[in-house]
Asks: 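Structure incoming, see below.
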Amino acid sequence: MTIDLAAVRDDTPGCWDRIHFNNAGASLMPRPVVETVIRHLELEARIGAYEAADAESERIAAVYRSCARLVNCGPDEIALLENATRAWDAAFYSIPLVAGDRIVTGRAEYCSNYMALLHVARRTGAEIVVIGDDADGQIDLDELRARVDERVKLISLTHVPTSGGLVNPATEVGRVAGETGAMFLLDATQSVGQMPIDVAEIGCDFLATTGRKFIRAPRGTGFLYVSRRQIAELHPPAVEVGGAAWTERDGYTLKEDAKRFETWEVSYALQLGLGRAIDYALQLGLESIWERVRSLGDLLRRELTAIDGVRVHDLGATKCGIVTFTAAGFDAERLFRGLRAQAINVDTSTPEDTRIDFEQRNLAPMIRASVHYFNTEDEIGRFCAAVEALT
Ligand SMILES: Cc1ncc(COP(=O)(O)O)c(C=O)c1O
C-alpha cells in the first residue's frame, strides 16, 4: 500500500510552512491526534476529570490494544508510562542484579541507559561489558556470542541510536539472549513507528519506547512491553497504588499484568492521543511507512554526500530515517541555528548523547536530520540547497 502523501500532509499543518527534519526529536502530530487530546481535555473541563476517565474507559482500554498491535504482544503485556526513559527504568531497575553478574551492551547505548547501568553496577558490583561493532558498524554478533555466558544476566541494546541511522540487528541479538537465558531489554525509542516491530520475532523480554518521536503522539507518552514470562517474576522498583493494591495492613498485592509497572496518576488525554497516533500509523501500515522512511533517508544521505565538505556519519548494514552529518569548517551549533532561522527543523547530536560511540569514532558534534513518511523529495532538495548555501 502506498501512502497518500497529500492526505497525510493535509493532516500535518506543521509541515506546510517549514521543513520538519526533527522527527527523531519529536515528530509533528497529525490533526486527529491533536483533536483527540483536546476533546478529552474539554470533556475533563466540562464534566470533571475523574468522571471523564470513567466516561472514556473503553477508549482508554483500547490504547493498550493499539500498543499491543503495534509491537505484536498481548494488551496485558503493556504498561503505559510517560516517556521511554521511565519505561526503560521500570524494567531495568526491577531486574535483580548482584556482584559478579554481567550486563552486556553495545557502543550505541543511549546516555540515560548507560548512566543507569553505571549506577547499578556501582551499587551492586555487577559488571558492564561493551560489545564492539562489526565492519558495518552494528553490534558485532560474533563477539556477542563469544562473550555471553552464564554470568550475563542482561543484554541491554539500543535498537536505533539517538545519533545515527544505524539499525542494530535486534532479532539476532534476541536469538543469542534466548540461547543463553540472559534477559533482553530493547530500547526501541527511535525504531517504533518508523519500521515494523515484532517483539515475538525479536524475542526480547522488555521493549521501551516513546510516543512523541516516530509514532507522532504527544509529548509525555511512552510505553513498556514486558513479556508475560517475566511479569510475575519481577517486582517493580517503586510500589504504588497504580501498580498494586493495599490488600492487608502489612502487605500489598501487585497487579498481575504489566500495569504493575504503572503509576496511578496519568494524563488520559495524552494516553488517548498516543492510542490515536498508533491507530493512524497502523492504518497507513508500518511496512509502507518503513519503505518510504528508508528511501527518503537514503536519498538525503546521497544528496548530502554530494555537497562539498559535507560528511555523513551513519553506520549500519540497514539504515533508517536518521541522518547525521558534519560540514568542514562549520560547527554543528552554527549550522543548526542557520537552518532554524530558515524554518528548517533539525537537531544536533553531541558526545553527551552516545559517548562511547562518539569517542570510539572521534566524532565532533553533528547535525541530526531525521525524516518521516510525510516529508518529501522536494524538501530534501531544498534542505540540501540550504546546507550548501550555509557552509
Ligand atoms: C535511543 C533513545 N533512547 C531513549 C530516549 C529517551 O526517550 P524519552 O525522552 O522519551 O525518555 C531517547 C530520546 O531521544 C533515545 O533517542
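For clarity, every value in this text was computed on a predicted model and none was experimentally measured. Numbering starts at 1 and runs along the sequence shown. Both counts, for ligands and for their atoms, begin at 1 and track the order of listing.
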Asks: State whether K319 and D314 are salt-bridged, where the test is any N-O pair (Lys NZ or Arg NE/NH1/NH2 against Asp/Glu carboxylate O) under 4.0 Å.
Replies: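 No salt bridge links K319 with D314.
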Asks: Is it the case that T85 and S112 place a side-chain donor and acceptor less than 3.5 Å from each other?
Replies: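 No pair is found: no donor N or O on one side chain lies under 3.5 Å from an acceptor on the other.
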Asks: Is D331 paired with R334 through a side-chain N to carboxylate O contact shorter than 4.0 Å?
Replies: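 No, R334 and D331 are not salt-bridged.
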Asks: Check each heavy atom of T85 against ligand 1 and say whether those closer than 4.0 Å belong to the side chain, the backbone, both or neither.
Replies: both
Asks: R212 heavy atoms, cut-off 4.0 Å: which ligand 1 atoms fall inside?
Replies: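 What qualifies from ligand 1 is 8 (P), 9 (O), 10 (O).
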Asks: When you look for heavy atoms under 4.0 Å from ligand 1, do you find them on the side chain of R86, its backbone, both, or neither?
Replies: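 The answer is neither.
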Asks: So, F21 versus F383, ring centres under 6.0 angstrom or not?
Replies: yes
Asks: Check whether any N or O atom of T158, backbone or side chain, sits under 3.5 Å from an N or O atom of ligand 1, and answer yes or no.
Replies: no
Asks: What do you reckon, does A84 have a nitrogen or oxygen under 3.5 Å from a nitrogen or oxygen of ligand 1?
Replies: yes
Asks: Heavy-atom distances under 4.0 Å are what count here, so tell me which part of D187 touches ligand 1: side chain, backbone, both or neither.
Replies: side chain
Asks: List every atom of ligand 1 that sits less than 4.0 Å from any heavy atom of K213, numbering the atoms from 1 in the order shown and giving each element.
Replies: 13 (C), 14 (O)
Asks: Quick test: of every protein heavy atom, which one is nearest to atom 10 (O) of ligand 1, and how far off is it to 0.1 Å?
Replies: T210 OG1, 2.6 Å
Asks: Of all the atoms in ligand 1, which lie at a distance below 4.0 Å from a heavy atom belonging to V160?
Replies: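 Reading through ligand 1 atom by atom, the close ones are 1 (C).
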Asks: Record the part of N113 in heavy-atom contact with ligand 1 below 4.0 Å; permitted values are side chain, backbone, both and neither.
Replies: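 No part of N113 is near ligand 1 at this cut-off.
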Asks: Within 45° of the axis and under 6.0 Å from the centre of the six-membered ring of Y280, does NZ or CZ of R276 qualify?
Replies: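 Checked: cation-pi criterion not met.
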